[in-house]
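Note that these values count all heavy atoms, side chains included, but never hydrogens, waters or copies made by symmetry.
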Amino acid sequence: MAKTRREFLAETTMRVAAGVMGVSGASASERMTGDGTLAGERQDPTQPQPAGAPPAFGTGPGVGPVPTPTTFSEAEKLVQVQLSEVQCAQAAASWRGNMSQLYERRTGPRKVELSPTVAPFSRVVSLLPGQKVAVTRNRFVRSKSDPGPLPQKDEDLAFAPVTKLSRWLEQRKLSSQRLTEIYLKRIGQYDPKLHCVITLTQELALAQARKHGIPWGGKDLLDTAGIRTTYGAEPYRDRLPKDDAAVVKRLNAAGAVLIAKLSLGALALNDIWFGGQTMNPWLLEEGASGSSAGPGAATAAGLVGFAIGSETGGSIVAPSMRCGVTGLRPTYGRVPRTGAMTLCWSLDKLGPMARSVEDTLLVLEAITGPDAGDVSSVPSMLDFDASESVKGLRVGYFPAWMKQAPATDVDRAALETVKNVGMVPVEVSLPDWPYQSLDLILFAEGAAAFEQLTLSGGLNQLHEQTYDAWPNLFRQSRFLSAVDFVQADRLRRKVCEEMARVFEQVDLLLVPSLRDDILTITNHSGHPSLTMRAGFVEVAEARTDWAPDPSRLLPKFSPPRRVPHGVTLIGRLFDEGTVGSAGIALEHAFGVVDERPPGF
């Protein structure tokens, strides 16, 4: 009679065990010795070996639970590899001696706790071998235009760009105290609609306003000494840091006034935090997008002069698009992340979100440069002149992407505007590779950063427990293959080499902001991006960052609603200056940056 698969595996296990460990015809339980190890496993690791005998794999004491061939045959389905039945049996019989001990760091007895501030030993450097970046004094020349007379209405001051606010402050036509009080009043009036403020720092703001300048809001993953920094997540809602993040210190030194800690989707995902969902000022029936939801909404609604957001995989670009603000994601390594929540050591970036292109460059100048607390931050030069000519700049674009969603008529019109301001469109291409494979890096690093929260069950406190939220993704990530992580990292190098090839042909790229490929590619390659309002589109349904869910019906609109739409410029590594110059030229040509969300 033919054997069943179960009977065959059981018999094979015994045969392999006999061959590998010298055990003849014994079941797993019979092969157990009195101290709980499997027969053939080395019971005394201190036992003397012959002189000159090197250490060998598989000779350590057996630890951990006893797997079966079925364990491996089931695990094959997760990592999409295939072992023969004999190979499954061999792996099961030797797992405790070969592999289980590798988990001791986590499972004990010699556990080692790893704080999120401990970065991996392997460092990501945006520049490829042979590429260089200028490291001299910054050259920063801001526009010299007259800001004009001081507006009489508070709301006009609230929506004024930093470029004008700073000039009025310099000319003593406006006081920081007045501006701070305007923003505090607006927060009290409009935050109940937007849910964009986690902690109002009113006392600190009023004190700083006596000697400082422009009020700003920080995404609530930036540490602030003695002021809650919650990561938008229930387990951290009472967390009190002892020191300011490096970016907070630099803005304080530059004279900015911290007025609020702004919302982010819990642990930097999307726009739902422990206080609710942050809403889009242009369309209150939909979320602001995230994870820099609060910075996007607060800046768009005129509740702060500017904000600091962060991006790992789209968290500055997406809310800038949705809320119609200007978001600058700097080159990876330019702005130090010391004192900021870690999601992914090799991907996290901090950057400004404001109401004009030059605003973002003004803020970037204040926060750029390395810090000893961030091993991935590097010296670099910021070279920017607001009056720089853009004529002749080569702007790369992907023809197929411009014809496909998510590109719109606004994106295609922006390409025509490139010509109108004297820049030259150039067709470029990238290989048709599975770029989403790189997200293995994001998931693995994120799960590592929040390992203790995952294993302790703390993730269960988060409001969002859907299949596309962090709790499930972090748990699933425990089963990703370490080999595939290394292979993803190698693919990342190939992608960076392709981007270097593209930038030999052009000076910058114009891309649809939410094209998934380019978001993934450029976040992993470290290139800077500038997302800016380019026009308006009409939507017949509210948009969401979450995967489709029949239980979450989205509001529909008839007639459709008018909302802002932006495009994104991608620059060479550490060349935010060229991106800024091109952005200023396009911003003037688009002529849509000054329109405000109705009702604010």
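Side-chain atoms of Asp411 and Val511, non-hydrogen and from C-beta on, never get closer than 4.5 Å to each other. Leu362 is listed as a side-chain neighbour of Thr163, based on a closest heavy-atom distance under 4.5 Å. Annotation: side chain of Val248 is in contact with side chain of Trp216 (closest heavy-atom distance under 4.5 Å). In this structure, the side chains of Thr368 and Asn138 come closer than 4.5 Å at one or more pairs of heavy atoms. Proximity of Tyr397 to Val426: side-chain heavy atoms (C-beta onward) are nowhere separated by under 4.5 Å. Side-chain contact between Val567 and Thr531 is absent, with no heavy-atom pair separated by less than 4.5 Å. Under the 4.5 Å side-chain criterion, counting only non-hydrogen atoms from C-beta, Leu179 is in contact with Leu165.
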Exercise. Begin from the C-alpha positions of Glu595 and Trp282 and carry the test side chain to side chain contact (heavy atoms under 4.5 Å, CB included) through to its verdict.
Key: CA-CA 11 Å; Glu595 188 169 337; Trp282 288 89; 4.0 Å; yes

Quiz item: Between Lys249 and Asp243, does a salt bridge (charged side-chain N to carboxylate O under 4.0 Å, His left out) hold up when you go through it step by step?
Solution: CA-CA 9 Å; Lys249 290 178 180 178; Asp243 199 8; 3.0 Å; yes

Quiz item: Can you list the steps and then say if Glu504 with Arg572 is a salt bridge (charged side-chain N to carboxylate O under 4.0 Å, His left out)?
Solution: CA-CA 10 Å; Glu504 289 175 356; Arg572 288 194 176 101; over 6 Å; no

Exercise. Please step through side-chain hydrogen bond (donor to acceptor under 3.5 Å, both in side chains) for the pair Arg337 and Ser310, ending with a clear verdict.
Key: CA-CA 10 Å; Arg337 303 160 302 177; Ser310 73; over 6 Å; no

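Salt-bridge annotation for Asp156 and Arg596: present, with a side-chain N of the basic residue lying under 4.0 Å from a carboxylate O of the acidic one. A salt bridge links Glu416 with Lys419; the closest basic N to acidic carboxylate O contact falls under 4.0 Å. Ion pairing between a basic and an acidic side chain is recognised when a charged N comes within 4.0 Å of a carboxylate O; Arg178 and Glu181 show no such pairing. Comment: Glu538 does not engage Arg562 in a salt bridge, judged by the lack of any side-chain N to carboxylate O separation of less than 4.0 angstrom. Using a 4.0 Å cut-off between charged nitrogen and carboxylate oxygen, Glu365 and Arg334 do not count as a salt-bridge pair.
Side chain of Trp345 to backbone of Pro116: a donor-acceptor contact under 3.5 angstrom is found. Using a distance-only test at 3.5 Å, with no hydrogens or angles considered, no donor-acceptor pair links the side chain of Asp359 to the main chain of Ala354. Between the side chain of Thr360 and the backbone N or O of Val357 there is at least one donor-acceptor pair closer than 3.5 Å. Under the 3.5 Å distance criterion, the side-chain polar atoms of Asn280 are left unmatched by any main-chain donor or acceptor of Gly287. Not a single donor-acceptor pair under 3.5 Å links the side chain of Glu498 to the backbone N or O of Leu430.
How far CG of Leu174 is from CD1 of Ile182: 7.0 Å, rounded to the nearest 0.5 Å. With rounding to the nearest 0.5 Å, the separation of NZ in Lys164 from CD1 in Ile214 is 13.5 Å. Going from atom CZ of Phe600 over to atom CG of Leu303 covers 7.5 Å, rounded to the nearest 0.5 Å.
Between the side chains of Thr230 and Asp220, at least one donor-acceptor pair of N or O atoms lies under 3.5 Å. With no hydrogens or angles considered, no side-chain donor-acceptor pair links Thr544 and Glu286 at under 3.5 Å. Using modelled atom types, one finds no donor on one side chain facing an acceptor on the other under 3.5 Å when comparing Thr201 with Lys261. Side-chain polar atoms of Ser315 and Ser292 form no donor-acceptor pair below 3.5 angstrom. With hydrogens and angles left out, the side-chain atoms of Ser525 and Arg492 include no donor and acceptor closer than 3.5 Å. Thr224 and Asp244 are not linked by any side-chain donor-acceptor pair at a separation below 3.5 angstrom, with hydrogens and angles left out of the test. Judged by distance alone, the side chains of Thr278 and Trp273 do bring a donor and an acceptor atom under 3.5 Å apart. Counted by atom type alone, Ser143 and Glu358 present one or more donor-acceptor pairs between their side chains at under 3.5 Å. Under the 3.5 Å distance criterion, with hydrogens and angles disregarded, no donor-acceptor pair is assigned to the side chains of Glu587 and Ser356. Asp371 and Thr338 are linked by a side-chain donor-acceptor pair at a separation below 3.5 angstrom, with hydrogens and angles left out of the test.
Environment of CG in Asn420: crowded, with over 12 heavy atoms of neighbouring residues, nucleotides or ligands closer than 6.0 Å. Atom NZ of Lys173 has more than 12 heavy atoms from other residues, nucleotides or ligands within 6.0 Å.
Scanning both residues, Arg250 and Pro370, for their nearest heavy atoms gives NH2-O, 2.7 Å. Shown here for Gly290 and Ala318, the closest heavy-atom pair between the two residues is O-CB, 3.8 Å. When all heavy atoms are compared, the tightest approach of Ser380 to Val133 is CB-CG2, 4.4 Å. Between Pro597 and Pro281, the shortest heavy-atom distance links the atoms CB-O, 3.7 Å. Closest approach of Val428 to Pro399, counting heavy atoms only: O-CD, 3.8 Å.
Residues that satisfy the side chain to side chain contact (heavy atoms under 4.5 Å, CB included) test with Ser429, not counting sequence neighbours, are absent from this structure. Every side chain to side chain contact (heavy atoms under 4.5 Å, CB included) that Val592 has, sequence neighbours left out, goes to Arg533, Phe536, Phe590. With sequence neighbours excluded, the residues that form a side chain to side chain contact (heavy atoms under 4.5 Å, CB included) with Arg493 are Leu128, Pro129, Glu497. Every residue meeting the ring pair (Phe, Tyr, Trp, His ring centres under 6.0 Å) condition with Phe384, not counting sequence neighbours, appears here in chain and number order: Phe140.
Residue pairs meeting the ring pair (Phe, Tyr, Trp, His ring centres under 6.0 Å) criterion with at least one member in residues 319-344, sequence neighbours excluded, do not occur. Sorted by first and then second residue, the side chain to side chain donor-acceptor pair (under 3.5 Å) pairs with a member in residues 320-331 read Glu311-Arg329, Arg322-Asp545, Arg329-Thr522, Thr331-Glu576; sequence neighbours excluded.
In this pair, His527 and Phe503 present their aromatic rings parallel. The plane angle is below 30°, not in the 30 to 60° band.
Screening Val495, Asp489, Leu347 against His524 for a side chain to side chain contact (heavy atoms under 4.5 Å, CB included) leaves a single residue, Leu347.
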